[in-house]
Amino acid sequence: MLLRRKIMIGLILCIFMFSSSVPILLKIGLIPQQTFGGEGISVLTQADADTPLDLMLVSELRKQDFVEVVSPEIYAFSVINNEPVMVRGVESKPFLKIEDAECKEEINDKFALIGEGLAKRFNLGINDTFVLTGSITPVIMELAVTGIYSTTTPSNDELLIPLQTARKLISLGDNNVLAIRIETSDRNELIDFLESGEYKIVVGDAAGNSISLNDNGFEEAVSSLGIRYTVFGKVEVANGSYTSVIVQKSAANVRVVIFGFILLEGALMFIGIAAILNRAVIEKKRDIGVLTAIGANKANIHFLLLKDLLKISIVSSIIGVIFGYIGVEIVKHLNLIVILGHSIQPVISPIFILEILVVTILLSCLCGLIVNESVLGSEPHQLMQEIDSSAENEISLEKMLEGFYEN
Amino acid sequence: MFMTTMGIAVCISFLTGTISLVEGLHASTSQFSNAFEHGLIAVYDGNVLSQSIIESSTVDYINCEYAACTVVKTKIELGNESIETYAISIYDPFNLLDLNGAELTMNDILIGKQLKAEMENKNITVSDGMNITLAKDDKEVILQVRGIHQNTLFSDDWIFVSKNVVTQLNPQMQSAYSFLLLSENNIDIIHQLEEEGYTTQSLVSITKFLELGIYQIENQLYFVVLTSAIIIILLVYSILNIEIECSIADIKILKYMGASQKLVLSIFLLQTVFISLLGGVIGVAIGFIAANALVSFTPLIGFHSMILPQASISSISLPIFVGIISGIIGGFIPAYKASTIDVKAEGR
């Protein structure tokens, strides 16, 4: 073998770092989307502060054939035991159905249901009490846990309360809600229905795309400017419009940072692999010089190197991704990462594994061959003089020559 | 040497770029948070209001406007049935809560509208002047309804009573309160109470939710940065290793000229420290440029944000420190090996 096997350690480290951190970073970026949306769910939200959603629309939607489940919801971001907790005002039955969640306890009108994940984190059980404060209006209350539900979605880390109680936390008018989540068999028909009803509304989907119906988006732009330049005075937190913008902007800030991290991590992996292979090829200058001196041409040496690079990069990628997978699984099972009150459940998908393998192999071969090309630009006697080989290298050269003549 | 310096600079720029992005996220979150009101701050003992006890002597030394509330978990007896609720009495000497008469005399009671609806669901018509029995353990108090409370600060299924009633139901609260409410401007007093072990909680949580939530993200991002720092140390080590190995001919010449092992080692160590320091400084500059460029160009792919990458002691010193440490390790090992070469024996 022309290249030393120990360079695999460096490659494995680079691939491990990338394959373990990118799924976690991607999942962090997806949390807001999964929290407010969900797989196959359409989300209706109000277009501006002047036109709130009300339960009349919920009743209308429930009459439509293309609608399967309608869950009116109110989001109240709160803090319990000095940790952020997403409090959701809901009608318990449709919510549990849309989230495919189970609750063993009987649910009464004054329910306070907590997700299994949250219950474990806070060590809360049935009848345990906790203090809940208002989200955007000053409120203080004490609630007792009436049930624990479990689901595989991020809602497993949330607190569910009746719509009436949630309205108090955000000072919302009677019959109003903040969002309506809908499981529908035909999204286009839903949009047609809302458009024809002249509802001023925003419709979002699971991929995070949204369409604004019957709205010009002016208020969002004004609120955005307001937040950007409100540095000298306090903004009344009860202003729902500004609050909605702060949530959106904070989520956008997180997305930008995550994007930056992934890009910089990718660059670091690229530079890391390039530096390691650069070192590995330069270390073998003398051997390459000997091979050239005894008559090997560029193609022979490229072939020898490519063979090594393929072996090393395939083995390193597989080991690196396996370690990355183990790292991600540990994070997942121990619930090590909690973001915005939701524990992160990162997943390494087969496509991601395949992508890592292809990218690493291509990158390794490309970097190795480019360095080799520059090395081959020198005369054989120069290459043999430049590097002082150790006794270990001489043995490997002997083995390598055997391999060369076999080829 | 130029390529080595630039290689180190690129590695270091990763650290600076990521740290400045995280600190930018922190600063923008903090700016958002400070732009909003946090409302009143509740101070209580432990995690539950109805079990919290703050002695009245604590209230005596609080040198600011406050309201003191006493809460007891109780039951409204309705013949065969009962409804669980909370009875609260409020002492508001500075009119901080603008209660409009919710401070009650001995046997009066104000009922929340949600509680009234709950009672009506059980076919009990609530009217002014009607008698209601509150019970806790073996204690009972009979009170007269004076009206429906409109206060938005407390739960709509709570009832307002006088301090005397709370004390009858829970004698422990005779000279104590369950929780205090202070204005958010009394930062020093709030910190002092926190130091004494009391729990403090803003009555308006959204900004705190975002702040704490984003700080959770920051912790995870710093974890990614630190694990990446280990990879960076290995890369810088690897880069400097190549630089020193390429200088083995120079080391031999120095040894031929009679230079001692210590002299050779110190020359090459100084060289690696200089290269890693120079690479570190250039890397810090590239890191800030890269982070700012990333934030500036993300709107092109649909990400709009308000982050401004922040320069700070940690975003400058940590990457340079990592560079120098890995430079010393990366330079010392090959330089030491090279300095021990016996050139005389090689010559023979």
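Everything numeric here is computed off the predicted structure, so don't read it as measured data. Per chain, numbering begins at 1; letters A, B, ... match sequence-line order.
Residue contact with chain A, scored on non-hydrogen atoms closer than 4.5 Å, involves the side chain of B:Leu294 exclusively. Of the atoms belonging to B:Tyr44, it is side-chain heavy atoms, and not backbone ones, that fall under 4.5 Å from chain A. Residue contact with chain B, scored on non-hydrogen atoms closer than 4.5 Å, involves the backbone and the side chain of A:Glu265 alike. B:Phe223 does not touch chain A: none of its heavy atoms, backbone or side chain, sits under 4.5 Å away. When heavy atoms are compared at a cutoff of 4.5 Å, B:Ser13 does not approach chain A at all. Only the side chain of B:Gln114 comes within contact range of chain A, with at least one heavy atom under 4.5 Å from a heavy atom of that chain. Only the side chain of A:Leu263 comes within less than 4.5 Å of a heavy atom in chain B; its backbone stays farther off. Residue contact with chain B, scored on non-hydrogen atoms closer than 4.5 Å, involves the backbone and the side chain of A:Asn82 alike. For chain A, the nearby part of B:Tyr86 is the side chain; its heavy atoms alone come within less than 4.5 Å.
We find that B:Glu118 and A:Lys110 are joined by a salt bridge, their nearest charged nitrogen and carboxylate oxygen being less than 4.0 Å apart.
Ranking A:Thr129, A:Asp128, A:Leu143 against chain B, the residue ahead of the rest is A:Thr129, based on heavy-atom pairs under 4.5 Å. Heavy-atom pairs under 4.5 Å with chain A peak, among B:Leu221, B:Val225, B:Val71, B:Val22, at B:Leu221.
Shown here for B:Thr152 and A:Val139, the closest heavy-atom pair between the two residues is O-CG2, 3.7 Å. B:Asn47 and A:Asn81 get closest at one heavy-atom pair: OD1-OD1, 3.8 Å. Annotation for A:Pro138 and B:Val204: closest pair N-CG2, 3.6 Å, computed over non-hydrogen atoms. What you find for A:Phe261 and B:Thr18 is that their closest heavy atoms are CZ-CB, 3.6 Å.
Here OG of A:Ser135 is found 14.5 Å from NZ of B:Lys208. Values are rounded to the nearest 0.5 Å. Here the CD1-CG distance, from A:Ile140 to B:Leu181, works out to 6.0 Å after rounding to the nearest 0.5 Å. Put simply, CG on A:Asp109 and CG on B:Asn121 are 7.0 Å apart, with the number rounded to the nearest 0.5 Å.
Side-chain atoms of A:Glu142 do not come within 3.5 Å of backbone N or O of B:Val48 as any donor-acceptor pair.
Put simply, the residue from A:Gln164, A:Lys168, A:Arg167 that forms a side-chain hydrogen bond (donor to acceptor under 3.5 Å, both in side chains) with B:Asp156 is A:Lys168. Just one of A:Ile136, A:Ile170, A:Leu169 meets the side-chain contact (heavy atoms from CB on, under 4.5 Å) condition when paired with B:Ile206; it is A:Ile136.
Between the side chains of A:Thr133 and B:Ser205, at least one donor-acceptor pair of N or O atoms lies under 3.5 Å.
Counting non-hydrogen atoms of neighbouring residues, nucleotides and ligands closer than 6.0 angstrom, the CZ atom of A:Phe323 reaches no more than 12 such neighbours.
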